[in-house]
Amino acid sequence: MLDIKLIRENSDLILNNLEKRRNKDYIIMFKQLIEKDNNWRELKKQIDELRKKRNELTKEIQLLKQKNEKVAINKKIKEAKIIPKKIKELDDICKNIEIEKKFLLLRIPNLLHETVPFGEDKGENIIVKKWGKKPDFRFSPKSHVDLVKILNLVDIERAAKTSGTRFYFLKNQLVELEFALILHSIRILKERGFNLIIPPTLVRGFIMEGGGFLPTFKEDVYKIEDEDLYLVGTSEAPLVGFHEDEILYEKDFPIRYGGFSTCFRTEAGAHGKDTKGIFRTHHFEKVEMISITNSNRSWGEFDYLFETAELFWQSLGIHYQKVNICTGDIGIVASKKYDLEAWYPSQNQYRELVSTSNCTDYQARRLKIRYREKDGMPTKICHTLNSTLIAIQRGLTCILENYQKEDGNIEVPKVLQKYVDFKEIILK
RNA sequence: GCCGAGGUAGCAAAGUCUGGCCCAACGCGCCGGCCUUGAAAGCCGGUUCUCCAUCCGGGGAGCAGGAGUUCAAAUCUCCUCCUCGGCGCCA
């Protein structure tokens, strides 16, 4: 969420930024927010004055009791007695306004970085870099959907039986490749200064809210019935929640976490999209990077995270492009976002494998993640960043497609060969 | 799941039975100031959130979270969460 003080003092700046999103709702919400905030402050002033009065009377009563002046005490108590009711009355109104205020504040998106390109939708994202080459196939490459079927690596039909659509049984060498990818991932993350973590995959509502996953994306996450627990759509949620309501030290920045977890997504808004295979599923494993730092360093860190993802995909020899996500496609939390889109020969297009975001102070403010330059110095709000390294199942689809051979076998990428006892997945 | 003990500021630790001198003691760390040639010691102010005020400054809230009783709650009552120990169950 945005800084309410900045909203009060510099509303024009924020309005100009919100306008870039070309969504009138945000402007309306913002104006309502300012109104609510004014109401709130007015009421708070009144309430605080009443409390002050009550505190004063309480003290007087206390003194009179010591002197045992009964008549005066009764008079004061009579006077004091009416105040709590008034406070309660105003406070109830104030609390409601506060709820409305928070409702708006939680839905107003982050400020966009000036280098975010303007655009209506993902068609207007800007390609900023390409790496590697498309594989030169002398045959018509198969899709991962066909490959996993032919090579007996995934069973979708039976998963439909046990669990429904968008589930899968991963089988045989693909299971081994998954673990190879995980081991390769954590090796790179360790070298790049990330602390390895496997987080809980169920988290409380306020952690989801703090990360920006709620309330805006309520339909996209699974909730446990009768409990205030959600299945995480990404380990970003527990990993940024890790330091919730903490005060960190600047000397420790950047704090980097390399998290591995299963992720659960309803894919509510994706009906009809990527319905076949394991490209888009309700559950998958993902290796994620998280960084906590401050405003001085977060843009450098943003590049560092993306570079780490690039190094990983380069090690696998996958041809990709780096994309600067435009205003219409960026979402509410990130101030700037780069995607890494890899080449899918069967689809003849680039598909998203990695998304790197600088959330600036937007998440950290919600989660009360602060830092000090030194002990005794005032606290400031941290910056948080996140990036995919690899979503395993999607990564596998990309590898399968790019490493397929004319004879129908799949070559195992060089860097993964040391983790498995085969160099090819062979058609039986 | 049951029983017991707990949750107090950056850390550490009193206060809870017996409500008010608790805007939370004594420490430790750190920040600012005074003092000093400099430092240490000493002294003063600070070290969470928030409101008003350009500045000086003045309020309010906060003792795991919420609700209640009361003129007044860290302290009493109820609900929830979490931690630790014991028992049970279990991969």
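We name chains A, B, ... by the order of the sequence lines, and we start the count at 1 in each one.
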So what does [X] hit on the nucleic acid, given a heavy-atom distance under 4.0 Å: a base, only sugar-phosphate, or nothing?
X	result
A:Lys59	base
A:Asp228	nothing
A:Lys75	nothing
A:Lys81	sugar-phosphate
A:Pro84	sugar-phosphate
A:Leu57	nothing
A:Lys368	nothing
A:Lys95	sugar-phosphate

Whole-Å [atom1] distance, [N] and [M]:
N	M	atom1	value
B:G38	B:U75	C1'	50 Å
B:C79	B:C2	P	13 Å
B:U18	B:C23	C1'	23 Å
B:G66	B:C71	P	23 Å
B:A9	B:C63	C1'	9 Å
B:C52	B:G46	P	22 Å
B:U70	B:G57	C1'	33 Å
B:U16	B:U77	P	14 Å

Would a 4.5 Å heavy-atom cut-off, applied to side chains only, mark [X] and [Y] as touching?
X	Y	value
A:Phe213	A:Tyr230	no
A:Leu174	A:Val154	yes
A:Lys101	A:Leu33	yes

Under 4.0 Å between a side-chain N or O of [X] and OP1 or OP2 of [N]?
X	N	value
A:Arg54	B:A61	yes
A:Thr379	B:C49	yes
A:Lys88	B:G68	yes
A:Asn55	B:C23	no

> Parallel, tilted or perpendicular: which describes the rings of A:His113 and A:Trp299, with under 30° parallel and over 60° perpendicular?
Replying inline: tilted
For [Y], is there an ion pair with [X] - N to carboxylate O distance below 4.0 angstrom?
X	Y	answer
A:Glu236	A:Lys286	no
A:Glu267	A:Arg265	no
A:Lys52	A:Asp48	no

>> Given the structure, check if the side chain of A:Lys45 and the base of B:G60 hold any donor-acceptor pair shorter than 3.5 Å.
In response: no
Counterpart base for [N], defined by Watson-Crick or G-U wobble contacts under 3.5 Å:
N	answer
B:C43	B:G33
B:A5	B:U83
B:U48	B:A61

Out of [options], whichever nucleotide has its closest atom nearest the side chain of [X]:
X	options	answer
A:Asp48	B:G20, B:U48, B:G60	B:G60
A:Arg204	B:U48, B:C82, B:C71	B:C82
A:Arg370	B:G10, B:G20, B:C49	B:C49
A:Lys44	B:A72, B:U48, B:C51	B:C51

> Between residues 3-11 of chain A and RNA chain B, which residues have a heavy-atom gap below 4.0 Å?
Replying inline: A:Lys5, A:Arg8
>> Whether A:Arg192 engages the ring of A:Tyr304 as a cation-pi pair (distance to the six-membered ring centre under 6.0 angstrom, angle to the ring normal within 45°) should be assessed.
In response: yes
>> Under the criterion ring-ring contact (aromatic ring centres under 6.0 Å, His included), I'd like the reasoning laid out for A:Phe194 against A:Tyr257: C-alpha separation, chi angles, the key distance, then a yes or no.
In response: CA-CA 5 Å; A:Phe194 291 82; A:Tyr257 295 115; 9.1 Å; no
>> Closest-nucleotide mapping onto RNA chain B: is A:Pro378 or A:Arg41 further toward the 5' terminus? I mean the 5' end.
In response: A:Pro378
> Of A:Arg51 and A:Asp37, whose nearest nucleotide on RNA chain B comes first from the 5' end?
Replying inline: A:Asp37
Specify the separation, in whole Å, of atom [atom1] of [X] and atom [atom2] of [N].
X	N	atom1	atom2	result
A:Ile61	B:G19	CD1	C1'	14 Å
A:Leu50	B:C71	CG	C1'	14 Å
A:Phe206	B:A64	CZ	P	16 Å

>> In this structure, is the centre-to-centre distance between the rings of A:Tyr362 and A:His383 below 6.0 Å?
In response: no
